[in-house]
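Read the numbers this way: they start at 1 and go in the same order the structure lists the ligands and their atoms.
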Amino acid sequence: MDIEDIKYKILRQHLVEQLRRKFSFDERVLAAIGKISRQLFVANGLEHLAYEDRPLPIAAQQTISQPFTVAMQTHLLEIKKWDKVLEIGTGCGYQAAVLAEMGAKVYSIERQKELYVQAQNILWNLNYQVTLFYGDGYKGNSAFAPYQKIIVTCGAPTVPPILLEQLAVGGRMVIPIGVNGQDMQLIECFGKDDYRTTRHGNYNFVPMLEGMAGK
Ligand code: SAH
């Protein structure tokens, strides 16, 4: 381990301690965050900010979610090994790495080509077996449905019905709902057309947009 790695490891431990003080997250979520090199996912030149608890810019005017938000969404999902998870909004791929680190089988969709390509490279280099798609998350991905867990990492105006259809019975979906600021909603599916929604705080996400962006 070189001196840079040691420096990042210490910063990462501080971040985990900070998150633990803020909320009693599932320790398995914190362990995953404690393992993943977030500095590899942020834009070049911002590596020194990678372990602050804040969102940061990535390519295509998007953001890497704040570590607290990643921890909360992952905590609410209650990930179990081999869970099939659909993520909408791969971005740089950090959240997907956290899910994969916890043993989930991750399928993630991104509408920005540039980010899709970047995430593919980073996750491949880190040896995470995550399946990425360049597409429109509003359509979900019926090929691998149903999913035990669905996570949306962009702000949706309302819950897309197709995503509900692709959620397994007994499954959990975590989705930020709202246009100017979002309400973190957890939707649990107990049976066909039998859902229970609970709210888990206010957040600010980039918007969930329809269709695919070019490039
Ligand atoms: N999961 C990321 C967060 C990225 S920000 C992380 O780990 O930090 C949210 C991402 O959602 C952006 O990259 C944006 O392009 C993407 N997005 C927005 N609308 C989408 C849609 N309809 N389908 C797929 N991705 C979408």
Side-chain angles (χ1 to χ4, degrees), residues 15 19 29 32-33 35-43 46-47 49-77 79 85-102 104 106-123 126 128 130-142 144 147 149-164 166 173-179 181-182 184 203-215:
L15 172 64
L19 293 171
V29 174
I33 290 175
K35 272 198 186 157
I36 300 168
S37 296
R38 191 168 185 263
Q39 78 275 9
L40 302 178
F41 292 86
V42 306
L46 296 182
E47 291 87 351
L49 300 175
Y51 294 101
E52 306 221 336
D53 189 18
R54 54 182 273 193
L56 290 169
I58 54 173
Q61 286 88 50
Q62 304 302 315
T63 52
I64 175 172
S65 295
Q66 181 174 344
F68 183 87
T69 307
V70 172
M72 184 57 82
Q73 290 199 280
T74 313
H75 173 86
L76 291 170
L77 284 176
I79 295 297
V85 183
L86 176 66
E87 179 189 34
I88 310 301
T90 317
C92 57
Y94 179 76
Q95 171 75 70
V98 171
L99 296 166
E101 182 63 47
M102 293 180 74
V106 184
Y107 300 84
S108 183
I109 308 175
E110 172 57 54
R111 70 183 289 280
Q112 295 279 354
K113 183 89 177 268
E114 190 182 354
L115 291 173
Y116 158 76
V117 171
Q118 265 184 26
Q120 191 87 274
N121 287 332
I122 300 177
L123 294 169
L126 293 177
Y128 286 115
V130 169
T131 311
L132 302 185
F133 300 91
Y134 168 48
D136 178 6
Y138 273 103
K139 300 194 169 84
N141 189 331
S142 59
F144 299 94
Y147 302 92
K149 312 285 159 73
I150 297 180
I151 174 171
V152 179
T153 67
C154 37
T158 54
V159 182
I162 294 179
L163 295 185
L164 277 185
Q166 295 183 3
M173 168 161 25
V174 174
I175 178 167
I177 297 290
V179 177
Q182 292 84 23
M184 189 65 78
Y203 294 82
N204 272 295
F205 283 83
V206 296
M208 181 167 177
L209 302 172
E210 279 193 65
M212 286 148 80
K215 274 214 278 183

Problem - Atoms in ligand 1 flagged as close to Tyr94, the criterion being non-hydrogen separation under 4.0 Å - result: 7 (O)

Practice task
Identify, for atom 8 (O) of ligand 1, the protein heavy atom at the shortest distance, and state residue, atom and that distance.
Solution key: Ser65 N, 2.8 Å

Fill in the blank from the handout: Quick note on ligand 1: atoms under 4.0 Å from a heavy atom of Thr63 include exactly 3 (C), 4 (C), 5 (S)

Completion exercise
The closest protein heavy-atom partner of atom 17 (N) of ligand 1 is Cys154 SG, 3.8 Å

Problem - Nearest neighbour in protein (non-hydrogen) for atom 7 (O) of ligand 1 - result: Gln95 N, 2.9 Å

Practice task
Using a 4.5 Å cut-off on heavy atoms from C-beta on, say whether the side chain of Arg38 contacts that of Ile64.
Solution key: yes

Problem - Element-labelled atoms of ligand 1 that are located less than 4.0 Å from some non-hydrogen atom of Gly91 - result: 4 (C), 13 (O)

Exercise for the section: Please work out whether any backbone atom (N, CA, C, O) or any side-chain heavy atom from C-beta onward of Gln62 is under 4.0 Å from ligand 1, and answer side chain, backbone, both or neither. Expected result: side chain

Fill in the blank from the handout: Atoms of ligand 1 under 4.0 Å from any heavy atom of Tyr138, numbered from 1 in the order shown, are 22 (N)

Handout entry: From Thr153 atom OG1 to Ile88 atom CD1, the distance as rounded to the nearest 0.5 Å
Key = 8.5 Å

Problem - Proximal atoms of ligand 1 relative to Ile64 (non-hydrogen, under 4.0 Å) - result: 8 (O)

Handout entry: Nearest-neighbour protein heavy atom for atom 9 (C) of ligand 1, which is reported as residue plus atom name and distance
Key = Thr153 O, 3.3 Å

Practice task
Looking only at protein heavy atoms, identify the closest one to atom 25 (N) of ligand 1 and say how far it is in Å.
Solution key: Arg111 N, 3.4 Å

Exercise for the section: Please could you name the atoms of ligand 1 that Met208 approaches to less than 4.0 Å, counting only its heavy atoms? Expected result: 18 (C), 19 (N), 22 (N)

Handout entry: Shortest reach to atom 16 (C) of ligand 1 by a heavy atom, considering only Lys113, Gln61, Glu110
Key = Glu110

Exercise for the section: Please step through side chain to side chain contact (heavy atoms under 4.5 Å, CB included) for the pair Glu87 and Ile151, ending with a clear verdict. Expected result: CA-CA 5 Å; Glu87 179 189 34; Ile151 174 171; 3.7 Å; yes

Practice task
Measure the distances from the heavy atoms of Pro207 to every atom of ligand 1 and state whether one is below 4.0 angstrom.
Solution key: yes

Handout entry: Min N/O separation Glu210 to ligand 1 under 3.5 Å
Key = no

Completion exercise
Out of Leu209, Leu56, Leu115, the nearest non-hydrogen contact to atom 19 (N) of ligand 1 is supplied by Leu209

Practice task
May I ask you to list the atoms of ligand 1 that are less than 4.0 angstrom from any heavy atom of Gln112?
Solution key: 15 (O)

Handout entry: ligand 1 to Val206 polar contact by distance, N or O atoms, under 3.5 Å
Key = no

Problem - Option of least heavy-atom distance to atom 23 (N) of ligand 1 (set: Ala119, Gly89, Gly137) - result: Gly137

Practice task
Fit a plane to each ring of Tyr94 and Phe41, take the angle between them on a 0 to 90° scale, and name the class: parallel (under 30°), tilted (30 to 60°) or perpendicular (over 60°).
Solution key: perpendicular

